[in-house]
Amino acid sequence: MYFLYSLLFAVGLLLYVPILAWASLGRGKRVGDLRQRLGLIEPLRTRRPVIWIHCVSVGETQAAQPLIRALREEYPDHEIAVSTVTATGQDTARALFAGQVSRIFYFPLDLPFAVRRALRAIAPHIVLIMETELWPRFLRECHFMGVPTALVNGRLSARSFARYQLVRWFFRRVVGNLSRAVMQTEADAQRIEALGLAAERVCVAGNIKFDVEPGTNIAQTARELAARFSLRDDLLIVAASTHRPEEGIVIEAFKRARRRYNARRPRLLIAPRHPERFEEVADMLARSGLAWTRRTRPPSAEDGRADAILLDTIGELRAVYELASLVFVGGSIAPAGGHNVLEPAAVGCPIIIGAHAFNFERIVGEFVAAKALVQLPETDIERAMDRLADEFASLLADEERRRSMGERARAMVERNRGAAARTLQALAPLLATRGDLRTSVARK
């Protein structure tokens, strides 16, 4: 069974190589360190137990902050190593965890030789996997080498669950290799149990993202952005983590709302989700008829007069939320499942999202019920654009509504804190396990 999986994975990888090469050369998408993806990682030379934390990309890496902070406080005698899949995840990990963790590296391809090399190099005492990364070969090799694995901040959407159900006979064995699954919600826990993980290995701790605190440089970055782009006295609409075709929808909705609201000059900031789309969005803004600028352009007198700003950097979005009058969180008109609404909520921003938020069903449901968030019901793009323009205009004109929505959003975040501590409590038996695991992994 695993041989067939590895064979299909290798064939798929070979077919994907030309696409990856085109993306890297033609669209500026970074491939990352191929050597590390093949498992050729510099050995982590230490006698201390190692906690390997795996994140996929930016969102999971940011979500790992409270967990890593708690682990460093509770287990100071442990080393921590962090892996990511994407290049942007690497950049984020290096920005957030420099000086806090012993190693930051790319996750190996899910092939036997790559996984075994990586495990021998890091020789982990335990592997903690953020959210939904269930790599069959990796979990099997960890189990074979006696390395405990735990899914933390685990989530399993109804859509992902339906896909896994198609090969349930295989994923029953995959999830069976997990030592623990610490899930966000009861629904997530029920789904992973339905895939075959024993109920005694599953628990619910809530969403660690509620525990993320602003970084030490957030306020400084916000001040610098406000001064450069003259944002303190203007109403700022932030379109965060956008996907194609959301930028075009947002630009048109902004133009319509601006025509209906003349009391103060509203401005727009767009932060695309994927860096390889920065130039595409820049071209869109150049054709929009709006005066615009971009973060990476050298500062000029025009910055303070621009109608629209392109945030073409990584790691500054949280600072932008400090300046926002209202926020549209992307990946939600585009059917990508939505992105993190907790970061703007934590600083009291009123939030709008589209109809597609299946990655955050429970959070969105609770926020909508508390009137802390507006969700557009329309799935049709034209109707969603009309409704978004209406909401932009309504919120721009109603300061009290913006304030009350923002306060309710902030209160929701405060009420749901504590998941990191509950997660650590659930992991304590695995972290307390003693034994010469580093020698065991190296030998195998």
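Predicted, not measured: the structure shown is a model, and the values here were computed from it.
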Hits for side-chain hydrogen bond (donor to acceptor under 3.5 Å, both in side chains) against E133, two or more places apart or cross-chain, chain-then-number order -> H54, W135
Considering only residues two or more places apart or on different chains, which pairs with a residue in residues 370-379 satisfy salt bridge (charged side-chain N to carboxylate O under 4.0 Å, His left out)? E378-R387
Examine distances only and state if a side-chain atom of R103 and a backbone atom of E79 form a donor-acceptor pair shorter than 3.5 Å. no
Quick one: are I237 and L395 in side-chain contact, heavy atoms under 4.5 Å? no
Between R318 and E213, does any side-chain N to carboxylate O distance fall below 4.0 Å? no
Check: M183 main-chain N/O paired with D188 side-chain donor or acceptor under 3.5 Å: no
Donor-acceptor pairs under 3.5 Å, side chain of residues 338-352 to any protein atom, not counting sequence neighbours: which ones?
unit_1, atom_1, unit_2, atom_2, d
H339, NE2, H243, NE2, 2.7
N340, OD1, L342, N, 2.7

Under the side chain to side chain contact (heavy atoms under 4.5 Å, CB included) rule, what do L235 and R267 come out as? Steps first, then yes or no, please. CA-CA 6 Å; L235 294 172; R267 300 173 72 188; over 6 Å; no
Could you tell me which non-hydrogen atom of T84 sits nearest to which non-hydrogen atom of A93, and how far apart they are? CG2-CB, 4.4 Å
Under 3.5 Å, is there a donor-acceptor pair between the side chain of T149 and the main chain of I129? no
For R94, side-chain hydrogen bond (donor to acceptor under 3.5 Å, both in side chains) partners two or more places apart: Q90
Straight-line distance of D312 CG to R295 CZ, nearest 0.5 Å: 9.0 Å
Are any non-hydrogen side-chain atoms of I80 and Q100 less than 4.5 angstrom apart? no
Nearest-0.5 Å distance, CD of residue E246 to CZ of residue R273: 11.0 Å
I'd like to know if R256 pairs up with D386 as an ion pair, taking the criterion as any Lys NZ or Arg NE/NH1/NH2 lying under 4.0 Å from an Asp or Glu carboxylate oxygen. yes
Please examine the side chains of L128 and L71, heavy atoms only from C-beta on, and report whether any two atoms are closer than 4.5 Å. yes
State plainly whether the residues E276 and R244 are in salt-bridge range, i.e. N to O under 4.0 Å. no
Check: V374 and M405 side chains under 4.5 Å, non-hydrogen atoms: yes
Backbone N or O of E131 within a donor-acceptor pair of the N153 side chain at under 3.5 Å? no
What pair of heavy atoms forms the shortest contact from E361 to A158, and how long is it? OE1-N, 4.3 Å
Qualifying residues under salt bridge (Lys or Arg N to Asp or Glu O under 4.0 Å), relative to R258, sequence neighbours excluded: D307
For the pair R69 (side chain) and A420 (backbone), establish whether a donor and an acceptor sit closer than 3.5 Å, ignoring hydrogens and angles. no
Suppose we screen for side-chain hydrogen bond (donor to acceptor under 3.5 Å, both in side chains). Which residues come up paired with E399, at least two apart in sequence or across chains? none
Search all heavy atoms of A222 against all heavy atoms of L323 and return the closest pair with its distance. O-CD1, 3.6 Å
May I ask you to decide whether D390 forms a salt bridge with R260, counting only side-chain N to carboxylate O separations under 4.0 Å? yes
Verify side chain to side chain contact (heavy atoms under 4.5 Å, CB included) between F360 and I353, making sure each step is shown before the conclusion. CA-CA 11 Å; F360 299 92; I353 65 169; over 6 Å; no
Got a sec, which residues hit side-chain hydrogen bond (donor to acceptor under 3.5 Å, both in side chains) with S157, two or more places apart in sequence or on another chain? S160
Stepwise side chain to side chain contact (heavy atoms under 4.5 Å, CB included) check, I41 with I122: CA-CA 8 Å; I41 300 165; I122 303 300; 4.1 Å; yes
Donor-acceptor contact present, side-chain D110 to main-chain R137, <3.5 Å: yes
To the nearest 0.5 Å, atom CG of D234 lies from atom CZ of R265 at 4.5 Å
Min side-chain heavy-atom separation F328-I333 under 4.5 Å: yes
H356: partners by ring-ring contact (aromatic ring centres under 6.0 Å, His included), with sequence neighbours left out: none
Taking all non-hydrogen atoms of both residues, which atom of P108 and which atom of A114 are closest, and how far apart? CB-O, 3.7 Å
Residues A240 and Y321: closest non-hydrogen pair is CB-OH, 3.2 Å
Any chance you could measure R402, atom CZ, to L396, atom CG, to the nearest 0.5 Å? 6.5 Å
When rounded to the nearest 0.5 angstrom, what is the spacing between CZ in R228 and CD1 in I309? 8.5 Å
Polar side-chain atom of E60 near backbone of S57 as donor-acceptor pair, under 3.5 Å: yes
Residues which pass ring-ring contact (aromatic ring centres under 6.0 Å, His included) with F171, listed by chain and number, not counting sequence neighbours: Y164
Exam field: side chain R201 to backbone L178, donor-acceptor pair closer than 3.5 Å: yes
Residues which pass salt bridge (Lys or Arg N to Asp or Glu O under 4.0 Å) with R305, listed by chain and number, not counting sequence neighbours: E302
Side chains of L67 and L424 in contact at under 4.5 Å (non-hydrogen atoms): yes
Identify the two heavy atoms, one from A239 and one from V250, that lie closest to each other, and give their separation to 0.1 Å. CB-CG1, 3.8 Å
Side chains of L151 and I192: does their closest heavy-atom pair fall under 4.5 Å? yes
Given I68 and V82, is the side chain to side chain contact (heavy atoms under 4.5 Å, CB included) satisfied, shown in steps? CA-CA 10 Å; I68 289 176; V82 176; 3.9 Å; yes
Is it true that, when you exclude Q165 itself, more than 12 heavy atoms of the residues, nucleotides or ligands shown sit nearer than 6.0 Å to its CD? yes
Please determine if R410 and E407 form a salt bridge, counting it only when a charged side-chain N lies under 4.0 Å from a carboxylate O. no
Can you tell me how far apart CZ (R294) and CG (L269) are? Round to the nearest 0.5 Å. 12.5 Å
Strictly below 4.0 Å, N to O, side chains only: are R417 and E414 in salt-bridge contact? yes
Using a 4.5 Å cut-off on heavy atoms from C-beta on, say whether the side chain of I363 contacts that of M412. no
Can you confirm whether the side chains of E316 and T221 place a donor and an acceptor under 3.5 Å from each other? no
F105: ring-ring contact (aromatic ring centres under 6.0 Å, His included) partners, not counting sequence neighbours: W52
Quick one: do R401 and E391 make a salt bridge, cutoff under 4.0 Å? yes
Qualifying side-chain hydrogen bond (donor to acceptor under 3.5 Å, both in side chains) pairs with a residue from residues 191-200, counting only residues at least two apart or across chains: none
Would you indicate whether D283, at its atom CG, is surrounded by more than 12 heavy atoms from other residues, nucleotides or ligands within a distance under 6.0 Å? yes
